[in-house]
Amino acid sequence: MTSPEKTPLPKNYDPKAIEPRLYAFWERGGFFHEDPDPARPPFIIPMPPPNVTGRAHLGHGSTYTPQDVLTRYHRMLGDNADWLPGLDHAAIATEAVLVRELAAGGISRESLGREQFIERAWEWSRSTGGTIEQQFRTLGFGPDWQRSRFTMDDGLSAAVRKVFVALYREGLIYRGKRLINWDPKGKTTVSDAEVEHVERDACLWHVRYPGADGSFAIEIATTRPETMLGDVAIAVHPEDERYASLVGKMVVLPLVERTLPIIADAAVDPSFGTGAVKVTPGHDPTDYEIGLRHELPMPSIMDLDARITGAEIDVGPYAGLDRYEARAQVVEDLRTHGLLLKEEPYRHAVATSERSGDVIEPLLSLQWFVKMKPLAQPALQAYHDGRLRFVPERYGRTYELWLENIRDWNISRQIWWGHQLPVWYTPAGDVVVAETEEEALEIARTRYAGAALTRDPDTLDTWFSSGLWPFSILGWPEKTLELECWYPAQVLITGWEIIFLWVARMVMLGMHFAGGIPFPTVFIAPLVFDAQGRKMSKSLGNAIDPMDLVERYGADAFRIGILRQMRLEGQEIRFQESRCEEARNFNNKIWNATRYMLALPDALPHAMTLPKPAELTIADRWILTRLHDTIVAVSQYFESFDFGNATDAIWRFVWYEFCDWYLEATKVPQNHATRAAVLSFVWNNAMRVLHPIAPFISEEVWLALPHDGVTIMTATWPDHLEVPVDREAAAAFELHMAATEQIRRLKAELELPLGSKPVTTLPGDLMQIAALTQYTAAAAGATIALDPELAGGVKAIVVEAPASLLLERYRKDAIRLRSEVERGERKLGNEAFVAKAAPDVVAKEKEKLEGYRNELARVEAALASMGETV
RNA sequence: GUGCGUGUAGCUCAGUGGGAGAGCACCACCUUGACACGGUGGGGGUCGUAGGUUCAAUCCCUACCACGCACACCA
C-alpha cells in the first residue's frame, strides 16, 4: 500500500466534519450487521430496549457505551459479534402522554374509543420512535440496526401471548382478588417493584377509640386517619401486658359508630406509638395480612379515583370526598368530638408510584398475577451454582435477596397501550385463555357451549414483554438459526435499578421457556449523577443532554469522557463535563500527532513492516514494548469490564508515552532511519486499540495512514505477540527519560538560558538526552553536563553554574538526602525488620540506602568545595 | 431496622502490606520539525477517627463518625 497523499490537515480536529460521514459510511457498508455463524464464537449483547418515547440521556452513556465498546472489540477479535437493538413500547409513559394530549383537546380516552386510541399510540410511536435511534447513531453506537425489534411487533406480541397462555395452563398465572398498588393518577395498578418508598414529612395522629362497654378507651396512632372508615378491628401485640385484659373486648369506631373487636397479632410493634393499631385490611398491606390471619371482613372505602365510597360499608357523610379532603374532615371531626389526643409531626416513607409520582393507594382488586416462587427457584439456583454472575459481584446479593423474598407479580394494567390480555369471559363469567380469538371461541364452544365472549380490557405490565427480550428478539418460539447460535447471549449490561424489574424476570422466563439462562454475566454499570451527586432531572435543571456534549466536543470525546469516569466498583458517576473537554483535547492530540507523521519527509511504509530488529533504536524498542503492554492491558480491562482503566491505559500510552516521548525522540537524528516504519506500525496498532472506545477518530486516522482493508471496524484486534518486546532496551530508555527530567528540572530551577545548538561532543546515547532537553553548551556562565562515564546508565548529572544558584539547590538536596539516609538506617538498624522481612525487601532497602549515601556524599562534597561546612 | 457501598491533594477519582499517585484547577517558565484543545517545571495530602494484628498499615481486623444507596408491613 502506498502512502496516502500528503494534503495538509486542519490544525484542530473537527469531529462534526467527520463523525456523520463515517457513520453513514459504516451503515451503508453494513458493517454493523451480522448473521449467525456457528463456526465462530458468538458475542451477543441484547440491548436493553429504550422507551420508544425516550431520548438519549447520560445514563445511556454509562450503560450503552460499554455495550458498543465490547461489540466492536469482539468484532475485531473475529467473533460472531452482534449487538441486538430494539425499542420498548413503554406502556404507562406513552399512555400518559396520549391521555394528556387528548385532555388538552377536551377528549377523554373513553370517548375516543380503544381502537382509535391504539391507532394514535402507534402513530405516535412511529413518529417519535426514531428519535432515540438517531441519537444513538450520533453517539457512534453501532448495533445491528437491521435486526431492531419493537416489543409490540407481531412476532414479539405472539411470543407474549404464547408465554401467557403457557403460564396460565401451568397454573403459574392466576386471577385473584388481592391487595394491589393502585396509582390514582395513572389510573392503573403497578407492581411492587415499581413502587418507591419516599421519605416525606407527615403527621402522626393519636386517636381515642372508646370501649363499647364504656369501661375503657384505647388510643391508637395513625398517619392515615381517613382509612379508619374501613377499620374492622384494633390490634395489639399478644405479649403486650398493657392490653392483655382488653383482647377480645369491643371498641366503638368513632364517627361511624361501628363496633370493632380488639385482637392480638404479632405484627404489631408494641414499642411504636401506643402499641395499639387500627386494622384496615382493605387499604394497608400489613392490615391485609392481619385480616387474612384473623378472617376479618375487608371492606373497600375508596374507589379508583381515590375517593371515599360507601358502596361496601357505611362511611357516613364522607362518601364522595377525595382521600385528602376526607383526611382533613376526619381529623377535624375527631377534634370536635374530643377524640383527637395528639398531633405530632412525623417523617416516614410513603409508597409512591415510580411513574406518576402519585401516592400509591393499596386497594383490593380482582387482577391477574404470576406465581413467582416456582419461577424464582431455578433462577436462584443458577446464581448459586455460578451459571449466572454479576459484575460487580455485590449486585448478585441484591438479586438473590429479592428472589428469596419474591411475591406474586401483578401483571394486569388498566391502560390500553400494550399487550391486551389474551383472556376472554363468557356471559356466565367463565374464563377463557387462548393465544388467538379463534382459539378462544373454539374453547368457549366446546367447553361452555357458547360463543359470546368479551375480551378482558386490561393490558400486560410492560416488563412482561421485555422479560422475554433475549429470546423473543431471536424469533422464539420459531426454531431459528439465531436462537440456536445466539441464545444465550454473552453478557447483559444495564443499571442496578432494573435488576428486579427486568434482569431477574428475564432470567426466570428465559430459564422457563428458552431452555436456560439468557446470559451468564450481568455487568451493572454505574448510574450518572451531577457533580454534587444529585440525580439529573429536568425539574432540578441539572440534566445534561448528551447531544449538547456531542455538539461541543464530539461523540468520541463524550464516550471517552464518560468511560474514564467509570470505575469498576463505583455505583455512581458524578459526571463532570470537563472530562469531555479533556477528551476533546486528547483527540486533538491524536490528530496533531497524525499531522506530524504525515508532514515528515519520510514516506510512511506499510503498517506491518518493521525494520530489522538489530536496526531498532532504544527509543523504538521502548515504544514497541509499551505498545505491547498496552495491548495486553486494554484487552484484559475489556474482558473484566474495567472501562475506566482501559481508557486510562490507552490515554497514557497515546499522550504521555507516544506523543510526549516517542514523537520527540523521532526528532533526534539517531532515530531518523527507523522512525517512519515504527511510527506507522505503532500508530496503526494504537488506533485499533482505541477504536472500540473512540470509533470515529480512530477510523479517520487509520484510513489516513497506511492500512489494510476498508474500515477499521473489521480490522483485527492487535496481536501483542506480533509486537517485539525488549525489556532491557526499554529500561535503558527509561533511564534516559529520568535523566532528561532531571536536567529539565535543574534548568528550570537554575533558570539557565535556553539555546538551540545541541552539544555534539557527548557520546552516543547521551546525544538523545541532550537533544530532548534542548541542552546547550555554556551560556551566561552556566553549564549542565552529563557525566560521560555513566553513559550506560545515567545516574548523575554534573552541573556547573554560578555558585549562588547552585548553593541553594545543593542545600535542599542535602536536607532531602539526609532524611532519606536516616530513614534507611533506622529501618535497617531494626533487627526485627532484618530478621523477619522478606530477603528481597531487605536487599532493596540496602541498595536504596547505598544510593542515597553516595548521592549525599557528592552533594556534600560539592557544598564543601563551595566553602559550606557540612 | 437490615444489608451494601464510599470516605486519599482545592475538585473528580486511581492505587498498593515495605519510600503517597493521575487528570483538572493553581503558580512559574516556554511559540523548540504536530498540537496553546500545546510543552516543561513546581507548590499542595498527619490516605475519616480510635484501637488491634504485623518487623512494617493508607492498604488486613474491630469499633465509631460522616455521606450515599438498596431492601423493609413501625401504623
Side-chain angles (χ1 to χ4, degrees), chain A residues 9 11-13 197 204-205 220-224 227 235 267-274 276-280 284-290 346 348-349 351 362 392 394-395 397-398 401-402 405 496-497 499-500 527 529 531 533 553 557 564-565 567 569-576 578-579 581-601 644-645 648 651-652 655-656 659-660 663-664 666-667 740-741 744-749 751 754-756 771 773-774 819-820 823-824 827 830-838 840-842 844-845 848 852:
Chain A
L9 299 171
K11 217 165 100 172
N12 282 334
Y13 178 62
H197 291 90
L204 191 61
W205 286 277
I220 61 95
T222 179
T223 55
R224 302 207 52 197
T227 61
V268 180
D269 176 0
S271 66
F272 183 87
T274 62
V277 296
K278 61 197 266 316
V279 181
T280 322
D284 182 276
T286 312
D287 295 2
Y288 177 71
E289 298 293 328
I290 296 176
Y346 183 61
H348 71 139
R394 66 190 137 90
Y395 290 111
R397 280 285 299 158
T398 309
L401 225 85
W402 190 69
N405 301 306
W496 50 256
E497 85 279 18
I499 291 178
F500 309 144
L527 300 184
F529 295 83
Y553 311 111
R564 286 192 79 210
Q565 296 179 69
R567 294 298 156 182
E569 293 295 325
Q571 61 183 3
E572 65 172 40
I573 291 174
R574 298 196 167 192
F575 187 80
Q576 303 179 90
S578 60
R579 289 305 191 99
E581 191 181 336
E582 291 163 30
R584 179 205 54 187
N585 298 351
F586 175 71
N587 289 336
N588 197 52
K589 191 78 183 171
I590 292 172
W591 185 249
N592 278 289
T594 309
R595 285 179 65 223
Y596 167 77
M597 283 176 231
L598 293 173
L600 283 177
N645 276 319
D648 280 349
W651 187 289
R652 255 196 314 277
W655 200 324
Y656 303 110
C659 290
D660 285 354
L663 277 195
E664 292 307 319
T666 63
K667 297 171 184 174
T740 302
E741 281 169 344
R744 283 171 180 164
R745 200 177 313 128
L746 284 172
K747 282 173 71 173
E749 278 188 20
E751 296 179 336
L754 278 174
S756 56
T773 54
Q774 303 274 309
S819 94
E820 292 289 4
R823 196 195 128 274
K827 197 152 190 181
N830 181 348
E831 282 172 32
F833 171 72
V834 180
K836 293 191 179 177
D840 60 309
V841 172
V842 177
K844 225 167 79 187
E845 203 61 44
K848 265 167 19 186
Y852 286 132

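Numbers restart at 1 for each chain; the letters A, B, ... are given by sequence-line order, proteins then strands.
Closest heavy-atom contact between A/Val277 and A/Val268: CG2-CG2, 3.8 Å. Considering all non-hydrogen atoms of both residues, A/Thr227 and A/Lys278 come closest at OG1-NZ, 2.6 Å.
Nucleic acid contact for A/Asn830: sugar-phosphate only, since backbone atoms but no base atoms lie under 4.0 Å from a heavy atom of the residue. Base engagement by A/Lys848 is indicated by at least one non-hydrogen atom pair under 4.0 Å involving a base atom. Using a 4.0 Å heavy-atom distance criterion, A/Tyr656 is classed as a sugar-phosphate-only contact. Here A/Phe500 lies in heavy-atom contact (under 4.0 Å) with sugar-phosphate atoms only. Contacts of A/Ala235 with the nucleic acid, taken as non-hydrogen atoms under 4.0 Å apart, are absent. A/Leu663 comes within contact range of at least one nucleobase, with a heavy-atom separation under 4.0 Å. No engagement by A/Trp651 is indicated, since no non-hydrogen atom pair under 4.0 Å with the nucleic acid exists. Residue contacts for A/Thr222: at a heavy-atom cut-off of 4.0 Å it reaches the sugar-phosphate backbone alone, with no base atom in range. Using a 4.0 Å heavy-atom criterion, one finds that A/Gln565 contacts no nucleic acid atom at all. Within the nucleic acid shown, A/Arg567 comes within 4.0 Å of sugar-phosphate atoms alone, with no base atom in reach, counting heavy atoms only.
Residue A/Trp655 places at least one side-chain N or O closer than 4.0 Å to OP1 or OP2 of B/rG39. Regarding contacts with the backbone of B/rG38, every side-chain N or O of A/Lys11 stays at 4.0 angstrom or more from both OP1 and OP2.
Separation of the P atoms belonging to B/rG3 and B/rA63 is 11 Å when rounded to the nearest angstrom. Rounded to a whole angstrom, the distance from the C1' atom of B/rC35 to that of B/rC30 is 15 Å. Comparing the same atom, C1', in B/rG17 and in B/rA57 gives a spacing of 7 Å after rounding to whole Å. B/rC59 and B/rG48 have their C1' atoms separated by 15 Å, with the value rounded to a whole Å. Distance noted for atom P between B/rA28 and B/rA20: 29 Å (whole Å). Across the C1' atoms, B/rC55 and B/rG43 are found 35 Å apart, a figure rounded to whole Å. A distance of about 12 Å separates the C1' atoms of B/rU16 and B/rC47, rounded to the whole Å. Rounded to whole Å, the C1' atom of B/rU6 lies 14 Å from the corresponding atom of B/rA14.
In this structure, CG of A/Asn12 is placed 10 Å from C1' of B/rG38, rounded to the nearest angstrom. At whole-Å resolution of the value, CG in A/Asp840 and P in B/rC55 are 17 Å apart. As a whole-Å value, the separation of A/Glu664 CD from B/rG33 P is 8 Å. Atom C1' of nucleotide B/rG5 and atom CZ of A/Phe529 are separated by 13 Å, given to the nearest angstrom. In this structure, the CG atom of A/Asp648 is 10 Å from the P atom of B/rG23, given to the nearest Å. Going from atom CZ of A/Arg574 over to atom P of B/rA14 covers 12 Å, rounded to whole Å. For the pair A/Leu598 CG and B/rG33 P, the interatomic distance rounds to 18 Å; values are reported in whole Å.
Judged by the 6.0 Å and 45° rule, A/Lys589 forms no cation-pi pair with A/Tyr13.
Ionic pairing of A/Glu569 and A/Arg394 is present here: one or more N-O contacts between side-chain nitrogen and carboxylate oxygen are shorter than 4.0 angstrom.
If you check the side chains of A/Thr666 and A/Tyr596, you find a donor sitting under 3.5 Å from an acceptor. Using modelled atom types, one finds no donor on one side chain facing an acceptor on the other under 3.5 Å when comparing A/Arg584 with A/Asn587.
A donor-acceptor contact shorter than 3.5 Å links the side chain of A/Gln565 to the backbone of A/Gln576.
When distances run from any side-chain atom of A/Gln571 to the nucleotides B/rA75, B/rA70, B/rG5, the shortest one goes to B/rG5.
A perpendicular orientation is assigned to the rings of A/Phe272 and A/Tyr346, their planes being inclined by more than 60° (bins at 30° and 60°).
Taking the salt bridge (charged side-chain N to carboxylate O under 4.0 Å, His left out) definition, one finds that A/Asp284 meets it with nothing, sequence neighbours left out.
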RNA chain B in dot-bracket form (Watson-Crick or G-U pairs under 3.5 Å, [ ] crossing, | inter-strand) is (((((((..((((....[..)))).(((((.......))))).....(((((..]....))))))))))))....
